[in-house]
Amino acid sequence: MEEKEKRAMKTSYLIKRFLPYFKKYRWILVLDLFCAALTTVCELVLPLIVRYLTDMGMNNLEALTIRLILSIGAIYIALRLVDLAANYFMAYVGHVMGAKIETDMRKDLFDHLQEQSYSYFDNTKIGQIMARITSDLFDITEFAHHCPEEYFIAALKISIAFAILAQTDLTLTLIIFSLIPVMLICAMSFNDKMRQAFKRSRNQIGELNAQVEDSLLGVRVVKSFANEGVEREKFRKGNEGFLKIKREAYRYMAGFHSTIRFFDGVMYIAVVVIGAIFMVYGRIGAPDLVAYLLYVSMLLASVRRIVEFTEQFQRGMTGIERFLEIMDSPIEVEDAEDAVPLPPVKGEIRFDKVSFRYSDNNKNVLSNIDLTVAAGEHVALVGPSGSGKTTLCNLIPRFYDVTSGKILIDGHDIKNVTIKSLRSQIGMVQQDVYLFAGSIYDNIAYGKPGATKEEVIQAAKDAGAHDFIMELLDGYDTYVGERGVKLSGGQKQRISIARVFLKNPPILILDEATSALDTESERIVKQSLQRLAAGRTTFIIAHRLTTIKNASVILVLTENGIEEQGTHEELLAKGGTYAHLYRMYSE
């Protein structure tokens with residue numbers, strides 16, 4: 001199959017995938033096309049009126065009375081009022097239909113992104129996603145509204161104009177209409193190149209968004225290293241790369257429009273020259289030539305709009321293609337077809353010969369992990385960076401799925417229960433605290449949507465956060481800034497702990513929750529964590545080994561798996577890896 005045919009099939013496939021979004025609004029679309037037909041009919045009447053009046057003026061002037069002229073004018077004004085109403089419907093309701101389709105697609109896109117696992121976001125830039133969920137979908141909106149209208153109107157105008165003109169002179173009509181396919185073929189030679197250039201520009205603007213986002217979110221690091229110049233240079237290269245792609249796209253677009261203008265002139269002069277010759281030989285009359293010129297002007301305007309709409313069409317196709325690239329990305333972690341809700345658990349967790357490797361890596365991060373943790377037990381994970389401590393904990397709430405083996409909670413295989421019911425019974429406190437832009441109250445309440453104010457305040461008290469919150473000017477209504485930038489590390493961490501207190505899960509994962517804090521903040525947060533962990537099955541990842549001496553069991557993870565296992569005293573007495581790590585830390 002030739003490359004062009006492949007691309008044509010691809011375009012038809014994209015349209016086929018897009019059509020279901022019209023289903024909800026099919027009656028609006030039908031009315032929109034009906035209004036398009038009305039505006040077309042109103043527009044096509046004018047050349048007939050002009051021909052009729054010209055013919056009457058030349059051949060039967062006595063019959064051309066003022067009353068007849070005013071009657072024809074009144075009829076045309078009435079048609080223009082119909083055109084006004086129809087055009088208003090198309091411009092308003094039609095655009096709203098396009099906006100509704102955009103809203104539906106954005107919802108589907110966001111829902112799909114919410115279902116994606118950690119691995120998807122590990123390999124995808126947020127700036128690229130933002131470009132697809134905003135500007136790409138706007139292009140689809142314009143395409144959704146204008147595409148059916150423009151093609152429908154053009155088909156009506158071309159077919160009706162052909163029928164009317166063919167009755168006047170078939171030969172002249174065929175000559176004029178034979179130029180249209182030639183014009184389209186020449187113009188469409190730029191079509192595929194335009195499509196590819198538009199897609200590259202979309203990808204580049206996504207990269208530029210990602211670079212800007214990265215630079216602005218890391219602005220404190222940038223300024224601390226006085227690297228504003230480095231960031232400007234990175235932005236300059238990305239920005240100029242975008243300009244280069246846009247320049248290429250506009251070159252194809254310029255050729256596209258120039259071709260249209262050339263054939264415009266060819267068709268006009270063809271009508272004038274050939275029509276004049278036919279008039280000399282008596283094949284057509286002056287009124288017919290005037291009507292021809294008016295219809296050809298109208299016809300060329302329609303063809304020009306269709307050909308020029310190709311630019312918008314290609315933007316729409318590019319937007320649909322980029323939309324589907326996300327929608328078709330597989331969801332690596334999802335509910336099984338027969339998944340059932342996980343009942344309230346006590347918190348016993350068993351790893352049964354669990355192995356795991358990332359999708360882009362052939363080497364296992366974890367291999368044949370066998371581990372049983374009793375309900376309410378506190379398990380500490382230590383070991384060198386890259387040994388799989390965080391990965392092991394991320395497997396419990398199914399942020400990633402095990403490569404082999406299985407994980408059971410109270411005897412339930414976590415792959416056989418719904419993800420929502422599983423994660424609702426697991427709480428996490430991480431080193432890198434993420435607070436949403438909003439108030440302190442909103443961020444704590446995030447742990448339990450619908451919680452009462454009393455529950456939120458009690459959670460803050462349990463986390464040791466209530467006192468410092470009340471010292472703030474706006475208390476619980478204090479705006480935390482993007483990512484909680486207005487609060488200290490210890491304050492942010494206590495709010496994240498309050499969030500988990502409010503959730504009240506039976507299983508808790510603490511991922512180096514105090515490693516980034518100063519001594520005083522660590523002491524306060526450590527007390528909060530001890531209250532939080534009481535009575536819960538808890539996994540603690542810690543680099544500060546003095547914080548885990550009281551753990552029920554300590555697991556030493558290395559690239560060989562669980563190398564050592566026991567209490568603090570047992571592992572020190574063994575004199576192995578843990579004892580070596582502890583001596584290094586103490587020194």
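Residues that satisfy the side chain to side chain contact (heavy atoms under 4.5 Å, CB included) test with Asp477, not counting sequence neighbours, are Asp474. Here Arg26 pairs with nothing under the side-chain hydrogen bond (donor to acceptor under 3.5 Å, both in side chains) rule; sequence neighbours left out. In this structure, the side chain to side chain contact (heavy atoms under 4.5 Å, CB included) partners of Arg17, at least two apart in sequence or on a different chain, are Tyr13, Leu324, Asp328. Residues satisfying the side chain to side chain contact (heavy atoms under 4.5 Å, CB included) test with Asn394, not counting sequence neighbours, are Tyr118, Thr390, Phe399, Tyr400, Met428. Residues forming a side-chain hydrogen bond (donor to acceptor under 3.5 Å, both in side chains) with Lys246 (at least two apart in sequence, or on another chain): Tyr250. Asp442 pairs by the side-chain hydrogen bond (donor to acceptor under 3.5 Å, both in side chains) definition with Ser439, not counting sequence neighbours. Partners of Glu325 according to the side-chain hydrogen bond (donor to acceptor under 3.5 Å, both in side chains) rule, which considers only residues two or more places apart in sequence or in another chain, are Arg132, Lys199. Contacts of Phe34 classified as ring-ring contact (aromatic ring centres under 6.0 Å, His included), with partners at least two apart in sequence or in another chain: none. Taking Arg283 as the reference, Asp169 meet the salt bridge (charged side-chain N to carboxylate O under 4.0 Å, His left out) condition, with sequence neighbours excluded.
Inter-residue side-chain proximity for Thr171 and Phe278 is flagged as met; some heavy-atom pair is nearer than 4.5 Å. With a 4.5 Å cut-off on side-chain heavy atoms, Met97 and Leu29 count as touching. Counting heavy atoms from C-beta outward, Leu31 and Val93 have side chains that stay 4.5 Å or more apart. Here the side chains of Thr173 and Gln167 are not in contact, with every heavy-atom distance at 4.5 Å or above. With contacts defined as side-chain heavy-atom distances shorter than 4.5 Å, the pair Ile331/Tyr120 does not qualify. You'll find the side chain of Ile440 stays beyond 4.5 Å of the side chain of Asn443, heavy atoms only. Residues Leu109 and Met105 have side chains not in contact (no heavy-atom distance under 4.5 Å, counting atoms from C-beta outward). Taking the side chain as every heavy atom from C-beta outward, Leu435 and Arg499 approach each other to under 4.5 Å.
Smallest separation of non-hydrogen atoms from Ser424 and Ser421: OG-O, 2.8 Å. For the pair Ala451 and Val456, the tightest heavy-atom approach, listed with the atom from each and the gap, is CB-CG2, 4.3 Å. Nearest heavy-atom pair, Ala445 versus Leu502, reported as atom, atom and distance to 0.1 Å: CA-CD2, 3.7 Å. Residues Leu137 and Ile133 approach most closely at CD1-O, 3.6 Å, considering heavy atoms. Between Cys35 and Phe89, the shortest heavy-atom contact is SG-CD2, 3.7 Å. For the residue pair Thr418 and Pro341, the shortest heavy atom distance occurs at OG1-CA, 3.7 Å.
Evaluation of the salt bridge (charged side-chain N to carboxylate O under 4.0 Å, His left out) test over residues 27-42, restricted to residues two or more places apart or in two chains, returns none. Listed by first then second residue, pairs satisfying salt bridge (charged side-chain N to carboxylate O under 4.0 Å, His left out) with a partner in residues 84-103 read Glu102-Arg106, not counting sequence neighbours.
The structure places CG of Asn87 at 11.0 Å from CG of Leu38, a figure rounded to the nearest 0.5 Å. Going from atom CD1 of Ile140 over to atom CE of Met317 covers 8.5 Å, rounded to the nearest 0.5 Å. The distance from atom NZ of Lys503 to atom CD1 of Ile426, rounded to the nearest 0.5 Å, is 7.5 Å. We find the CZ-CG distance between Phe177 and Leu172 to be 10.5 Å, quoted to the nearest 0.5 Å. Here the CG-OG distance, from Leu113 to Ser329, works out to 7.5 Å after rounding to the nearest 0.5 Å. Atom CD1 in Ile77 sits 8.5 Å away from atom CZ in Arg80 (nearest 0.5 Å).
Arg398 places a side-chain N or O within 3.5 Å of a backbone atom of Glu334 that can act as its donor or acceptor partner. Checking side-chain atoms of His95 against main-chain N and O of Ala91 turns up a donor-acceptor pair under 3.5 Å. Counting only distance, with no hydrogens or angles, the side chain of Gln425 and the backbone of Leu342 share a donor-acceptor pair below 3.5 Å. In this structure, the side chain of Asn416 does not engage the main chain of Ala336 through any donor-acceptor pair within 3.5 Å. Side-chain atoms of Ser258 do not come within 3.5 Å of backbone N or O of Gly255 as any donor-acceptor pair.
Between Phe436 and Tyr446, the ring planes are tilted. Angles from 30° to 60° get that label.
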May I have the step-by-step check of side-chain contact (heavy atoms from CB on, under 4.5 Å) for Lys420 and Asp335, ending in yes or no? CA-CA 9 Å; Lys420 182 176 178 62; Asp335 287 337; over 6 Å; no
Step by step, work out the side-chain contact (heavy atoms from CB on, under 4.5 Å) result for Glu149 and Thr39. CA-CA 11 Å; Glu149 271 181 18; Thr39 61; over 6 Å; no
Given side-chain contact (heavy atoms from CB on, under 4.5 Å), test Asp108 with Tyr21 step by step and report yes or no. CA-CA 11 Å; Asp108 289 349; Tyr21 283 99; 2.7 Å; yes
Start with the C-alpha distance between Leu243 and Arg247, add both sets of side-chain angles, then the distance that settles side-chain contact (heavy atoms from CB on, under 4.5 Å), and finish with yes or no. CA-CA 6 Å; Leu243 174 62; Arg247 184 182 287 122; 3.7 Å; yes
Candidate pair Asp104 and Lys107, rule salt bridge (charged side-chain N to carboxylate O under 4.0 Å, His left out), full reasoning: CA-CA 5 Å; Asp104 292 343; Lys107 176 187 176 298; over 6 Å; no
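Enclosure of atom CG in Leu19 by more than 12 non-hydrogen atoms of other residues, nucleotides or ligands within 6.0 angstrom is indicated. More than 12 heavy-atom neighbours from other residues, nucleotides or ligands sit within 6.0 angstrom of CZ on Arg251.
Between Phe18 and Phe22, a ring centre-to-centre spacing shorter than 6.0 Å is recorded.
By the 4.0 Å N-to-carboxylate-O rule, Glu240 lies too far from Lys244 to be salt-bridged with it.
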Table please: side-chain donor-acceptor pairs of residues 154-165 below 3.5 Å, with sequence neighbours left out.
{"residue": "Lys157", "atom": "NZ", "partner": "Glu43", "partner atom": "OE1", "Å": "2.8"}
{"residue": "Lys157", "atom": "NZ", "partner": "Glu43", "partner atom": "OE2", "Å": "3.2"}
{"residue": "Ser159", "atom": "OG", "partner": "Ala155", "partner atom": "O", "Å": "2.7"}
{"residue": "Ser159", "atom": "OG", "partner": "Leu156", "partner atom": "O", "Å": "3.1"}

